[in-house]
Amino acid sequence: MENPEIARVFHEIADLLEIKGGDLFRVRSYRNAALIIDGLEEPLRSLYGKNGVEGLKHIPGIGESTRSKVVEMLATGYCAYHDELLREIPAGMLDMIKVASLGPRKAAILHKVLGVSSIDGLERAAREGRIRDLPGFGEVSERKILKGIEALRLISGKWKISTALRCGEAFRDYLKAVPGIFEIVLSGSLRRWKEEVGDLDILATCKDPEAVMDRFLTHPEIKDVLAKGKTKSTVALKSGLQVDLRALDKKSFGAALQYFTGSKAHNVAIRDRAKRMGLKVSEYGVFNSATGKRVAGSKEEDVYKAVGLPWIPPELREMKGEIEAALEGRLPEPLLPEEIRGDLHVHTDESDGGSTLDAMAEAAISMGYEYIAVTDHSKAVGIAHGLDEARILAQMAYVDEFNKHLKKKGERFRVLKGSEVDIRGDGTLDHSEKVLGALDCVVAAVHSGFGMKKGEMTARIIKAVQTGLVNILAHPTGRLLGERGPYEVDMEAVMDEAKKHNVALELNSCPERLDLNDIHLRLAKDKGVKIAISTDAHSINHLQNIVYGIHAARRGWIEKKDVINTLPLKGLMRFLKKG
DNA sequence: GCCGTTTTCGGCCCGACTGTTTTCAGTCG
């Protein structure tokens, strides 16, 4: 078992204990352990492999009991305690508590009194009107359960950040019309630039919060109003996306923004820390616990300052060591858009792009870039009209001409001759050594055989890296969010080899990919492997996707110095030099 | 179950909204 499965088992233990009605602090411990493990950079297996149990001892939130279960799962692939709980509580109840309005207590009552133990059973009971007479339930809760089941079946639960951002911006524009509006901010996981978000959190400050609420609730895309109050409402859109709006007074803006940005685990830690300092943090401000006097609240910076911390960038607020780093003054310097000097992975209409090379270059120039690498597909990717040797040689000649032309115009910008060369099934590259050697920037990537076994895939990629002909390994895990998981590969081994052969790993900025993810980025940084933040643009509009890459990089604690396309052309060319 | 610049025992973030209740428990973020 690996980190995600182990985390899932702890999550389920927490849910099962909660349904069973156990100590809620114990429940929280398991849930916390799951969150921590989910966000761990290094596989538990390798931590355990290197130092045995000792290697697991420094992990915060993992104590004696959970540690022994981790060891058990690594060794045997299962957890006896988890199994034991599943014998007491039907697995279907884990699904039942995912239904909105239904939590562990009510699910337990339904199970105990009606013997319901699955979503289907729950639906039948609700339709037959058997729920309304139960203690704590009524007709309304019965209807809500049916609605909740419907919603659960409808939505996938996760939205790409680009989709959520578009929707959020539309809501922001819509709410701007309210008179006396002060601020409208998209917060929650969107402000943390999480690759996928579960819902949309909007924070508004206004003279008259109720006026904001009124306008919000009449948005034409709303399908259901799930909750509505003076300061807080929740709606479900026709698209299935859920939107929360919180409207508050101006003086609470900073505290509310901090609170509403999350993550939950980060907030709990901040509040816990505040409590120990004799302070109370809520969305209304920071208060002295003894006197009730307000200490901070209008600015987010002041909230952090009040608890003895520097401001922490939203992308880092995932409870992955950011508070310790803040205390020790070693938070990463946030990467800035203007620090990106070029794009090292773009396509043209020679392969499967929609824009010409000239258009791509013009667009890059207008973005203030100093260079782009044109990296069309190689012939193995037939569906993308990949280039054979004759065509890439012709393109290279064209780029030379194009650059000459730019120089004549006094333009400092330069197009680099490149290729997104396919890594074939056997690990060989899809262009000749001669061609690859003559290119400025060789981007290598896997485009087929995603189902390969881990050992085979790792060997395949490492073989390509070892050729000495590759500069950048593109979309290193091959995932497509919501569509295709990452292929099996030993990323640590790939990184070690990349470091040895001066190969950078790509952070693909396409919102469907965002590959590498934050965990791998931190691992790469720790290993000293360089990162190329690229868009894989297939048309001029896609060049703007770099913004997703920049924020994803911040989530991975990546700084300017870790990124090769922050280098000026000269420095970049030195890095790209092969052999 | 975890954890310690009040503590190795006794705490554990904080508040809004809802439905079913006559004062609050459950759910949610």
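In what follows, chains are A, B, ... by sequence order, proteins preceding strands, each numbered from 1. It should be emphasised that the depicted structure is a prediction, and the values quoted were computed from it without experimental measurement. When reading the values below, keep in mind they use all heavy atoms of this one structure, side chains included, and skip hydrogens, waters and symmetry mates.
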If I pick the P atom on B:dG26 and the same atom on B:dC9, what distance separates them, to the nearest angstrom?
32 Å
- Query: Contact class for A:Val27 vs. all strands (heavy atom < 4.0 Å): base, sugar-phosphate, or nothing?
  - Reply: nothing
Exercise for review: In whole angstrom, give me the gap between the P atoms of B:dC28 and B:dT22.
Suggested key: 23 Å
- prompt: What does A:Glu139 touch in the nucleic acid at a heavy-atom separation under 4.0 angstrom: a base, only the sugar-phosphate, or nothing?
  reply: sugar-phosphate
Quick note, A:Lys106 side chain, CB onward, closest among B:dG15, B:dG1, B:dT27 is B:dT27
- Query: Quick one: is the NZ or CZ of A:Arg31 closer than 6.0 Å to the six-membered ring centre of A:Phe10, and within 45° of its axis?
  - Reply: no
- prompt: Taking the P atom of each, how far is B:dC17 from B:dG10, in whole Å?
  reply: 37 Å
Among B:dG29, B:dC17, B:dG19, the one nearest any side-chain atom of A:Asp199 is B:dG29
Heavy atoms under 4.0 Å, any strand shown: does A:Ala100 hit a base, just sugar-phosphate, or nothing? sugar-phosphate
Here the distance between atom P of B:dC3 and atom CD1 of A:Ile36, to the nearest Å, is 9 Å
Testing B:dG19, B:dA16, B:dC12 for proximity to the side chain of A:Lys275, the answer is B:dC12
Margin query: Under 4.0 Å, counting only non-hydrogen atoms across every strand here, what does A:Thr234 touch: a base, just sugar-phosphate, or nothing?
Written below: nothing
Per the atom types in the model, does the base of B:dG15 pair as donor or acceptor with the side chain of A:Tyr259 at under 3.5 Å?
no
Rounded to whole Å, CZ of A:Arg67 lies from C1' of B:dC3 at a distance of 13 Å
Check your understanding: NA contact type, A:Pro135, heavy-atom cut-off 4.0 Å: base, sugar-phosphate, or nothing?
Key -> nothing
Next on the checklist: Within the 4.0 Å heavy-atom criterion, would you say A:Val99 contacts the bases, only the backbone, or no part of the nucleic acid?
Outcome noted: sugar-phosphate
**Study point:** Sugar-phosphate only, base, or nothing, as touched by A:Leu24 at under 4.0 Å among non-hydrogen atoms
**Key:** nothing
- Message: When the C1' atoms of B:dT18 and B:dG11 are compared, how many Å lie between them, rounded to an integer?
- Response: 30 Å
Item to complete: Using a heavy-atom cut-off of under 4.0 Å over every strand shown, decide if A:Asp23 touches base, sugar-phosphate, or nothing.
Response: base
task: Determine the interatomic distance between P on B:dA25 and the same-named atom on B:dT21; round to the nearest Å.
output: 13 Å
| Base, sugar-phosphate alone, or nothing: which one does A:Arg105 contact when heavy atoms must sit under 4.0 Å apart? | sugar-phosphate
If I pick the C1' atom on B:dC13 and the same atom on B:dC3, what distance separates them, to the nearest angstrom? 16 Å
When rounded to whole Å, the CD to C1' distance for the pair A:Glu64 and B:dC2 reads 11 Å
Taken to the nearest whole Å, CG/A:Asp201 to P/B:dA16 is 16 Å
Work out how far the C1' atom of B:dT20 is from that of B:dC24, and round it to whole angstrom.
9 Å
When rounded to whole Å, the CG to C1' distance for the pair A:Leu16 and B:dG1 reads 16 Å
